Peer 1: 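Let me give you the structure first, and then I'll get to my questions.
Keep in mind that the numbers below use all heavy atoms, side chains included, and drop hydrogens, waters and symmetry copies. Everything numeric here is computed off the predicted structure, so don't read it as measured data.
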Amino acid sequence: MQKEKVIIVGAGTSGMATAACLTKQSIPYIILEREDCLASLWQKYTYDRLHLHLGKKVCELPFFPFPKSYPNYVPRKLFLEYLESYEKHFDMKILYQHCVVLAEYDEGEELWRVKAENRSTGEVEEYGGRFLVVASGEDKPHVPRVEGLESFRGKVIHSTLYKNGKEYRDEHVLVVGSGNSGMEIALDLANFGAKPSIIARTPVHFLSRDMMYYGSLLMKYLSPKVVENLLVIVSKIVYGDLSKYGLPFPSEGPFTSKRKYGKFPVIDVGTIKKIKSGEIQVLPIEIEIIRGNEVLFRDGKSLPFDSIIFCTGFKRTTQKWLKGGDDLLNKDGFPSLPNQWKGKNGLYCVGMARRGFFGANLEAQNVANDIASIIP
């Protein structure tokens, strides 16, 4: 067994932020990453037009600002370049293609025993760490069970496999899921000449980038509830009544929805304009069954589609390999309490609470500071 001071699971932005904070404290660590690259979600499973929805000041990782030449809303390509520079700057110790299959605390040795499959050799290697940081995030694409989906004769993909709308020109495409990915992919499809329809079963909050920016400024002076109410008023003024397009206004504010259900507001980058023009159709109903290329909905209507793209998020698999972390993470892989990042026996999590870059960066610094206070 190879012994380490700290074992970090996941070389995404949260794991990298943690590594940088530990480096600042001169605390040795290793990162176990199942893919063959850092930030694999950004590298492999995001679409071409993706930009950071928040200003770069909010999204930069600890101790390493974005270059001044970068635009305020950083595109995917530049963000990946930034992450590569971040990794080199902190000389990160990452073991790629090491998929963690088991992590459990050894009371006798007072350390975490972590078993990881080395995908390049097929062997299972064992590591021991005084501290374990879970930063693996949402890692398994989720496609809900839909009756008759196997009979669909067109293309069916999860959003992680979507790059751009070139191959969908003139196609009728059903986008399942009305979060940020679904709304932006529908926009991209329309820009490439496709005919997208998006399923939006629940009410959605729409905010612009400017609304988010000024909202963050107001948070310094006003309570979150007051800022939330102001954003709701401004959104109604800017976008008007969207219920006639199949998008009723939510009964709860965007901050409340995020806190209660982990549901982020949609940052509108042009989708609403396409919906109002009729270039994107909204279907506020659920799928009943699929028969060939016909999709039947719960209201009895049916429509033909050439392709289906599921923008239905991810499932976490942490609970399958982490043993003894029930006090920190629940059965779905989320912190038991909203701001909880520390468990028992030297167990921590970073970026698991869906608090964005800013929240994950704070957690990474908290973890490094806490470990530094414990070790001799």
Peer 1: Closer than 3.5 angstrom, by distance alone: can the side chain of Ser40 be matched with the main-chain N or O of Cys37 as a donor-acceptor pair?
Peer 2: no

Peer 1: Go through Arg113 and Asp106 one step at a time and tell me if the salt bridge (Lys or Arg N to Asp or Glu O under 4.0 Å) criterion holds.
Peer 2: CA-CA 7 Å; Arg113 289 181 175 270; Asp106 186 323; 2.7 Å; yes

Peer 1: Will you find, in the side chains of Gln97 and Asp36, an N or O donor that is under 3.5 Å from an N or O acceptor?
Peer 2: no

Peer 1: Taking side-chain contact (heavy atoms from CB on, under 4.5 Å) as the criterion, tell me which of Ile27, Asn366, Thr18 meets it with Ile371.
Peer 2: Ile27

Peer 1: State the OG-CG distance between Ser307 and Leu189, to the nearest 0.5 angstrom.
Peer 2: 9.0 Å

Peer 1: Counting only heavy atoms not in Lys320 (residues, nucleotides, ligands), do more than 12 fall under 6.0 Å from its NZ?
Peer 2: no

Peer 1: Less than 4.0 Å between a side-chain N and a carboxylate O, is that true for Arg291 and Glu294?
Peer 2: no

Peer 1: Mind listing the closest non-hydrogen atom pair of Ala135 and Ile8 along with its distance?
Peer 2: CB-CG2, 4.3 Å

Peer 1: Other residues, nucleotides and ligands only: do more than 12 of their heavy atoms fall within 6.0 Å of NZ on Lys77?
Peer 2: no

Peer 1: What's the spacing between Lys166 NZ and Asp48 CG if we round to 0.5 Å?
Peer 2: 7.5 Å

Peer 1: Could you check whether any side-chain N or O of Asn118 sits under 3.5 Å from a backbone N or O of Gly122, counting only pairs where one atom can act as donor and the other as acceptor?
Peer 2: no

Peer 1: Taking His158 for the side chain and Thr160 for the main chain, is one N or O donor matched with an acceptor at less than 3.5 Å?
Peer 2: yes

Peer 1: Step by step, would you call Lys88 with Glu84 a salt bridge (Lys or Arg N to Asp or Glu O under 4.0 Å)?
Peer 2: CA-CA 6 Å; Lys88 290 177 183 176; Glu84 289 171 2; 5.6 Å; no

Peer 1: Can you name the closest pair of heavy atoms from Cys349 and Leu329 and give their distance?
Peer 2: SG-CD2, 4.1 Å

Peer 1: Quick one: which residue pairs count as a side-chain hydrogen bond (donor to acceptor under 3.5 Å, both in side chains) with a foot in residues 20-30, not counting sequence neighbours?
Peer 2: Gln25-Asn369

Peer 1: When you measure from the side chain of Asp188 to the backbone of Asn164, do you find a donor-acceptor pair of N or O atoms at a distance under 3.5 Å?
Peer 2: no

Peer 1: In terms of side-chain heavy atoms, does Glu184 have a donor or acceptor partner in Thr271 at a distance below 3.5 Å?
Peer 2: no

Peer 1: Within 45 degrees of the ring normal and closer than 6.0 Å to the centroid, is that where the cationic atom of Arg354 sits relative to Phe334?
Peer 2: yes

Peer 1: Over all heavy atoms of both residues, which pair between Arg316 and Gly333 is shortest? Give the atoms and the distance, please.
Peer 2: NH1-O, 2.8 Å

Peer 1: Determine yes or no for a side-chain-to-main-chain donor-acceptor pair under 3.5 angstrom, with Asn180 supplying the side chain and Ile267 the backbone.
Peer 2: yes

Peer 1: Between the side chains of Thr46 and Lys163, is a donor N or O closer than 3.5 angstrom to an acceptor N or O?
Peer 2: no

Peer 1: When you check the side-chain N and O atoms of Gln365 and Glu363, is any donor under 3.5 Å from an acceptor?
Peer 2: no

Peer 1: Between the side chains of Asp241 and Ser243, does any donor sit under 3.5 Å from an acceptor?
Peer 2: yes

Peer 1: Whether the side chain of Asn293 engages the backbone of Pro304 through a donor-acceptor N/O pair (distance < 3.5 Å, no angle test) should be reported.
Peer 2: no

Peer 1: Ignoring hydrogens and angles, tell me if any N or O in the side chain of His98 forms a donor-acceptor pair with the backbone of Ile31 under 3.5 Å.
Peer 2: no

Peer 1: Examine the side chains of Glu252 and Ser257 and answer whether a donor and an acceptor come within less than 3.5 Å of each other.
Peer 2: no

Peer 1: Hey, could you give me each pair passing ring pair (Phe, Tyr, Trp, His ring centres under 6.0 Å) that has a residue in residues 101-125? Not counting sequence neighbours.
Peer 2: Tyr105-Trp112

Peer 1: Looking at Glu126 and Lys115, is there a salt bridge between them, counting it only when a charged N and a carboxylate O are closer than 4.0 Å?
Peer 2: no

Peer 1: Quick one: do the Tyr348 and Asp370 side chains pair a donor with an acceptor below 3.5 Å?
Peer 2: yes

Peer 1: Does a side chain donor of either Glu125 or Tyr127 reach within less than 3.5 Å of an acceptor in the other side chain?
Peer 2: yes

Peer 1: Ignoring hydrogens and geometry, is there a side-chain-to-backbone donor-acceptor pair from Asp327 to Lys344 under 3.5 Å?
Peer 2: yes

Peer 1: Just checking, any donor-acceptor pair under 3.5 angstrom between side chains of Glu87 and Tyr82?
Peer 2: no

Peer 1: Answer yes if Val143 and Val295 sit in the same cluster of Ile, Leu, Val, Met, Phe, Trp and Tyr residues linked by side chain heavy atoms under 4.5 Å apart, and no otherwise.
Peer 2: yes

Peer 1: If you look at every heavy atom in Ser159 and Ile185, which pair is closest and at what distance?
Peer 2: CB-CD1, 3.7 Å

Peer 1: Could you report the tightest heavy-atom contact between Lys342 and Gln340, atom names first, then the distance?
Peer 2: O-NE2, 3.6 Å

Peer 1: In terms of hydrophobic clustering (I, L, V, M, F, W, Y; side-chain heavy atoms under 4.5 Å; direct or indirect links), are Trp42 and Val269 co-clustered?
Peer 2: no

Peer 1: Show the numbers, then the answer: is there a ring pair (Phe, Tyr, Trp, His ring centres under 6.0 Å) between Phe79 and Phe357?
Peer 2: CA-CA 13 Å; Phe79 186 58; Phe357 287 111; 5.7 Å; yes

Peer 1: Could you give me the CA-CA distance, side-chain angles and deciding distance for Asp210 and Met212, then say whether side chain to side chain contact (heavy atoms under 4.5 Å, CB included) is met?
Peer 2: CA-CA 5 Å; Asp210 284 344; Met212 290 294 292; over 6 Å; no

Peer 1: Answer yes or no: is there a side-chain heavy-atom contact under 4.5 Å between Val175 and Cys311?
Peer 2: yes

Peer 1: For the residue pair Asp306 and Tyr168, confirm or rule out a side-chain donor-acceptor distance under 3.5 Å.
Peer 2: no

Peer 1: Would you indicate whether the side-chain heavy atoms of Leu187 and Arg49 approach each other to under 4.5 Å?
Peer 2: yes

Peer 1: Is there a salt bridge (Lys or Arg N to Asp or Glu O under 4.0 Å) between Lys323 and Glu104 once you walk through the steps?
Peer 2: CA-CA 5 Å; Lys323 308 303 177 184; Glu104 56 186 347; over 6 Å; no

Peer 1: Is the distance from the ring center of Phe249 to that of His205 below 6.0 Å?
Peer 2: yes

Peer 1: Would Phe64 and His89 count as a close aromatic pair, with their ring centres under 6.0 Å?
Peer 2: yes

Peer 1: Minimum heavy-atom separation for Lys56 to Pro71, with atom names?
Peer 2: CD-O, 3.6 Å

